[in-house]
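Positions are given from 1 along the sequence.
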Amino acid sequence: MAHQTHAFHMVNPSPWPLTGAATAFLITSGLAAWFHFSTYIVLMMGLGLMLITMHQWWRDVVREGTFQGHHTMPVQKGLRYSMILFITSEVFFFIGFFWAFYNASLAPTPEIGEYWPPAGIAPFNPLEIPLLNTAVLLASGVSVTWAHHSIMQANRKGAIQALAITVTLGLYFTLLQTAEYCEAPFTIADGIYGTTFFVATGFHGLHVIIGSMFLVTTLLRQLFFHFTSYHHFGFEAAAWYWHFVDIVWLFLYVSVYWWGS
């Protein structure tokens with residue numbers, strides 16, 4: 001920062017936005033090729049480029065914020081605003097799914113028997129795996145809050161333990177949801193119920209996986225002494241995202257699993 005006369009971060013030219021865009025193109029094209037032609041080559045290329053982009057881009061951000069001193073207080077303030085706006089956009093993303101679900105369930109059409117769940121659909125018991133998943137996510141919200149307080153109090157051991165517990169609970173949630181999908185008595189092709197159920201819960205499951213990767217990254221950074229009690233926005237962003245995932249699941253549980261069944 002010695003050569004700068006301001007506290008703002010002028011980002012150097014980077015190839016990773018371009019490779020990220022190429023990743024999005026390859027994955028969407030690869031999924032289409034997989035669905036229609038049963039070929040995995042393009043999809044595997046996209047996933048491989050995605051992993052490379054994620055590693056290299058995150059490495060650069062960690063380097064800029066931790067070792068080069070670019071994440072000054074004004075920069076951190078901008079990062080906080082950007083994370084808030086990103087989570088807000090995610091809220092509206094899920095509002096679309098809830099809108100579709102309630103539009104179909106509050107006014108069932110004659111094609112599905114004019115009642116909900118539609119004829120021929122056997123919904124999940126909300127007191128079995130869905131309730132267990134709810135308890136798992138709520139417990140993970142507690143542990144990530146524990147990790148946050150440990151970091152603020154410079155309790156490195158406590159933060160590592162709490163983050164490890166949170167990641168484990170996130171993985172457990174994903175395994176439970178995978179088991180639920182394998183045992184589902186209906187598919188995504190079973191009318192509006194199957195479509196809204198699998199799209200809403202499936203995208204939430206994807207967000208849990210992304211949040212778990214986010215938390216694993218912060219756990220590794222904590223192991224390498226990257227966080228201090230006053231400079232740890234990377235963890236805060238992951239914690240905010242995880243709490244958002246928790247809240248969305250509560251709405252999904254009440255709406256889709258409990259009320260919708």
Side-chain angles (χ1 to χ4, degrees), residues 17 20-21 23-24 27-28 31 50 54 57-58 61 75-107 116 124 126 129-148 163 166-167 169-174 176-177 180-181 188 192-218 232-261:
T23 293
I27 289 179
T28 52
L31 285 170
M50 179 188 71
M54 287 164 54
W57 204 342
W58 292 348
V61 172
V75 173
Q76 290 185 55
K77 185 177 181 180
L79 291 173
R80 283 181 167 82
Y81 284 143
S82 64
M83 192 66 192
I84 290 170
L85 290 173
F86 169 68
I87 292 177
T88 302
S89 73
E90 292 284 274
V91 168
F92 282 94
F93 178 74
F94 277 98
I95 283 176
F97 301 142
F98 284 106
W99 188 292
F101 174 79
Y102 280 110
N103 181 67
S105 58
L106 290 174
W116 194 267
F124 286 104
I129 291 181
L131 183 60
L132 177 58
N133 266 339
T134 302
V136 168
L137 273 191
L138 289 177
S140 71
V142 173
S143 61
V144 80
T145 303
W146 169 25
H148 193 188
L163 276 171
T166 307
V167 170
L169 290 171
L171 177 61
Y172 185 41
F173 177 93
T174 301
L176 285 173
Q177 191 168 38
E180 181 183 71
Y181 279 10
I188 194 172
I192 187 64
Y193 186 92
T195 300
T196 53
F197 176 87
F198 281 105
V199 171
T201 60
F203 268 112
H204 177 268
L206 177 63
H207 281 70
V208 170
I209 294 172
I210 294 170
S212 298
M213 295 171 63
F214 206 166
L215 289 169
V216 167
T217 303
T218 60
H232 54 265
F233 175 70
F235 169 80
E236 286 184 343
W240 292 356
Y241 189 84
W242 197 253
H243 287 308
F244 158 74
V245 169
D246 286 351
I247 293 170
V248 170
W249 175 257
L250 291 177
F251 280 98
L252 279 174
Y253 177 75
V254 172
S255 301
V256 176
Y257 286 100
W258 180 68
W259 183 86
S261 65

Please verify the inter-ring angle class for [X] with [Y]; under 30° counts as parallel, over 60° as perpendicular, anything in between as tilted.
X	Y	result
W116	F101	perpendicular
Y257	F124	tilted
F203	F97	parallel

Minimum heavy-atom separation for [X] and [Y], please, with both atom names.
X	Y	answer
D246	G141	OD2-CA, 3.3 Å
F244	H207	CE2-CD2, 4.1 Å
A238	T218	CB-CG2, 3.9 Å
A147	L163	CB-CG, 4.0 Å
Y193	V256	OH-O, 4.3 Å

Worksheet entry | Atom CH2 of W99 with >12 non-hydrogen neighbours under 6.0 angstrom | no

Fill in: More than 12 heavy atoms from other groups under 6.0 Å of CZ on F233
yes

Item to complete: Only one of V245, V144, I87 passes side-chain contact (heavy atoms from CB on, under 4.5 Å) with W240; say which it is.
Response: I87

Item to complete: Show your working on side chain to side chain contact (heavy atoms under 4.5 Å, CB included) between L250 and V254 and close with a plain yes or no.
Response: CA-CA 6 Å; L250 291 177; V254 172; 5.6 Å; no

Sub-4.5 Å side-chain heavy-atom contact between [X] and [Y]:
X	Y	result
F94	F251	no
P126	W259	no
F214	W242	no
L31	I27	yes
V248	F93	no
F98	L252	yes
V208	S212	yes

Practice prompt. Mark yes or no for whether S143, through its side chain, and S140, through its backbone, hold a donor-acceptor pair below 3.5 Å.
Written response: yes

Discussion item. If I take atom CE from residue M83 and atom OG1 from residue T88, how far apart are they, to the nearest 0.5 angstrom?
Written reply: 10.5 Å

Worksheet entry | Distance in Å, H148 NE2 paired with H243 NE2, rounded so as to fall on 0.5 Å steps | 8.5 Å

Worksheet entry | CA sep, side-chain torsions, deciding dist, call: Y241, I210, side chain to side chain contact (heavy atoms under 4.5 Å, CB included) | CA-CA 9 Å; Y241 189 84; I210 294 170; 3.9 Å; yes

Practice prompt. List in chain and number order the residues that pass side-chain contact (heavy atoms from CB on, under 4.5 Å) with I129, two or more places apart in sequence or in another chain; answer none if no residue qualifies.
Written response: N133, L176, E180, E183

Worksheet item: Which residues satisfy the side-chain contact (heavy atoms from CB on, under 4.5 Å) test with M213, sequence neighbours excluded?
Response: M54, W58, I209

Worksheet item: Is the Y253 to H204 ring centre distance short of 6.0 Å?
Response: no

Worksheet item: Between T201 and Y181, is any side-chain donor less than 3.5 angstrom from a side-chain acceptor?
Response: yes

